[in-house]
Each structure stands twice: as C-alpha cells, then as structure tokens.
2 protein chains.
Amino acid sequence: MRRSDEVARMSENAEAARERVIESLEQSAEVYGLSRSAGRIYGVLYFADAPLSIPELVDRTGYAKSTVSNVTRTLTRVGLIHRRSSDGGGRRVRFAAEREIWYILQDVFQQYVQRELQTTHRTIRRAERGLDDGDGVEAERIRELRETYEDLQEIVELASELSAAELRDALDSYEG
Amino acid sequence: MRRSDEVARMSENAEAARERVIESLEQSAEVYGLSRSAGRIYGVLYFADAPLSIPELVDRTGYAKSTVSNVTRTLTRVGLIHRRSSDGGGRRVRFAAEREIWYILQDVFQQYVQRELQTTHRTIRRAERGLDDGDGVEAERIRELRETYEDLQEIVELASELSAAELRDALDSYEG
DNA sequence: CTGTTTGTTCGGTTCGAGTCGAACAAGCGA
DNA sequence: TCGCTTGTTCGACTCGAACCGAACAAACAG
C-alpha cells in the first residue's frame, strides 16, 4: 500500500494516471544516474499540492525514514527538489519539487557529463605533454582523442547556456 | 601485469601516456552506462595498430576470456568496435575500434536517452487520455510534464541529425 | 580422425549500491 | 524537566552487475 489515505479524494483515473507517470519517473531516474526511489520521491513531490515533510513522504512512498532522508539530501544537492525551511521555524523540514525540469537537467549534465569531460580532457592533455618526439603513433591517436573531447566540451558548454526553447530554436533554424 | 610484451618496444613515456588515457576511458565508460572493462578494451583497440582477436585482448587487458567475449559483444552491438570478419576465413574474429566517436555517442544517445524519452512520453500521453474533466490538478501537472518531454524529444531528435561540427556551428551562430 | 585453437555459454563468486531498522541528536510542547 | 516528534547516522542485509573459470561448441591442421 503505497499511497496514503489523504489523497484518496481524487478519482480512480487520476490516481492511475499519477501512478503510471510516477513509475515513468522512477525509470527515468535510472537513466540520469539516480535511484528508483529518487524518481518516486520526486514524482510524489511533483504532484503534491504543498511541500511535504519526511514523515509524509514516508507515508506516501512506503520507503523507510532513513531512505527518504538520504534520497532527499541527494535530490536537494542535485537541485531537483528544494528545502522549504519550515515557516514555523521548528525542526520540521519540507520539500518541494522543482518543476522547471530543463534547468535541472542542465545542472545534472554539468555535474555528470561536463565534469567528466573536463577531467578526461585534462588527463589527455597531461598525457600528451609527457610524450617525446619519437612517439608518433601514440601522439597522433591521443591528439585525435583530445580534439574530439574539445568539440564535445564546447558543445555541452554552449548548450548549457541556452533554455530549452532557445536550444530547440537554434537547432531548428540551422540550415533550413 | 596488464600489457603484453609485444608492445614493449614503445617508449616509457608513450606507455605511460597510453595507460593514463585508457584509464580515463575506463572512467568515461561508466558515465555512458558501460562497464570499466568495456572502457579498457575499447582503449586497447583504439591504440592498436591492427585489429585484435580475443586471445590477444585477453593478453593485453588481463581480463578472462569470457569477459572479453561478453564485452566485445556489447561493444559491437553499441557500435564502438567492429568485427573484422577475419580474412583467413577461419573462426578467428578480430575487432577494431571505431574512431569517429561522435557518431557512436549519437547512437548511444539514441539507444539510451531517446528511447527512454519516447517510452516516457508515450506513458504520459496514455495517462493523460485516461483522465476525466474533474481531474484538474493532475491534468495540469501531467500536461506540463508532457510538454517538457516533447521539447526534450525534439531537441534530441534535431541534434542527432547533425555532426559534431554542425552542432557546434549551430549553437555558436545562434543569436550572435 | 584426433588434437589444438578460438569463441560462447553457464554456474558461482565478489563487490558495491540501495534499502532497512535501530540508535542517536535536536528541537517542541506539556 | 520529561516525553514526543522529526531528522540524521550507522551497521547489516539484499540484490544485481561484473567478472572469473570451467565446460562446451566449432573450426582448422596434422
């Protein structure tokens, strides 16, 4: 029994639709390097009418309190949810989902892909500098690889500065 | 002892550079959802002067024969390496690395991200159709999500038709 | 036909991520 | 002050992916 009785007011259809979408989000989460629990928790927050506390998330997801605590931390770090430092001032924390997914996906990209591209590029350059003149074949191979990574890096960098609409526009209007 | 004596002719610098780059590829592989062994095997093939057979890969990577067999299969399926069906006609198979990484990354994108986007989009649309008129809040949330996914899908679709240079160009020339 | 080499498949092991429950810390209200 | 609730941290467990070795299949050489 995953959902709490608080949300039982909604229609059967809405309930089913919501559950299906949340299951999709669970699966999407895995693609972006997050856990399934992260997908579900984000999904529950995405549909919630108001920010939710950890006990409420425990109630609505069925996960253990510790799991919810850890997952909300990583989701907050990534920026997919926000801590609404509770108005009452008390210890109770509430979380709300970020709905502008595009900017978050950009951030995830920055943190995962771009960071990876950067470190790889650095490593390749260092390796390249350590070569002698006689190392013809290796030098050529490594140079090719470096240039590819420089292209990739520039593409990601440029793309991360645009909104989804702008990016779509840029691609759409290119050469036609 | 990872490298075979066959390649001992190269200089210490080239050897070290090569090893560092291959380690980078190992790490990159994880980002793209592949195993570390896949990264190393691709790296060895990337630097190889000629296509290599499975025993040769076993020799140069230190992995078990079965591991090399499985990894080469998935790398072939993804398109990162090619089977050079041996000229001798015999059973011996040789593998060569695809060096145009860009097109392969596009394919990986197609297979991982775009496929995921498609199924999620389908699920969301199905959920949306199952809603009644009274399901106001859910309908709105799901609509937003669907539109975001449609944007993402179109972006990926457009980007997958361009080469790295074209993509870089398109982004670079947009609005300035 | 027999032995050898190459490649695949299968069962088992290892290792790390995800999850849980319990213990602990920190605040609030009686 | 003493409970009660909330949130975090820790050790243990589970499960799946990666990897290995052995057994098997297939092809060629002699």
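Per chain, numbering begins at 1; letters A, B, ... match sequence-line order.
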Length of the line joining A/L75:CG and D/dG7:C1', which is rounded to integer Å:
16 Å

B/L57 atom CG is separated from D/dC19 atom P, nearest whole Å, by 14 Å

Rounded distance [0.5 Å steps], CZ in A/F95 versus CZ in A/R73:
10.0 Å

If the threshold is 4.0 Å, N to carboxylate O, is there a salt bridge linking A/E128 and A/R143?
no

Under the side chain to side chain donor-acceptor pair (under 3.5 Å) rule, what do A/R92 and A/S53 come out as? Steps first, then yes or no, please.
CA-CA 7 Å; A/R92 186 163 197 149; A/S53 67; 3.1 Å; yes

Given D/dG21, D/dG7, C/dG7, which nucleotide is nearest the side-chain atoms of B/S53?
C/dG7

If you only use heavy atoms from C-beta on, which nucleotide in C/dG7, C/dC20, D/dC19 is closest to the side chain of B/Y63?
D/dC19

Nearest whole Å is fine: how far is C/dG7 P from B/I81 CD1?
12 Å

Under 3.5 Å, N/O pairs linking protein and nucleotides 2-4 of chain D:
none

Should the pair B/R125-B/E150 be classified as a salt bridge under the 4.0 Å nitrogen-to-oxygen rule?
no

Output for pair (B/L131 CG, B/I142 CD1), nearest 0.5 Å, gives 5.0 Å

Presence of salt bridge, B/E56 and B/R60, under 4.0 angstrom:
no

Rounded to the nearest Å, what distance is computed from the CD1 atom of residue B/I54 to the P atom of nucleotide C/dT4?
21 Å

Can you tell me if the side-chain N/O atoms of B/S37 get under 4.0 Å from OP1 or OP2 in D/dC19?
yes

Roughly, in whole Å, what's the span from CD in A/E30 to C1' in D/dG16?
11 Å

Detail all sub-3.5 Å separations between protein N/O atoms and N/O atoms belonging to nucleotides 9-16 of chain C.
from, atom 1, to, atom 2, distance (Å)
C/dT9, OP2, B/R73, NH2, 3.2

Length of the line joining B/E56:CD and C/dG7:P, which is rounded to integer Å
9 Å

Please state how far atom CZ in B/R83 lies from atom P in C/dT6, giving the value in whole angstrom units.
15 Å

Rounded to whole Å, how long is the line connecting atom CD1 of A/I41 with atom P of C/dG18?
12 Å

Taking the cut-offs as 6.0 angstrom to the six-membered ring centre and 45 degrees off its axis, would you call A/R99 and A/Y46 a cation-pi pair?
yes

Sequence neighbours excluded, the answer for side chain to side chain contact (heavy atoms under 4.5 Å, CB included) partners of A/A38 is A/L34, A/S35, A/V71, A/L75

Would you call A/E23 and A/R20 a salt bridge, taking side-chain N to carboxylate O under 4.0 Å as the test?
no

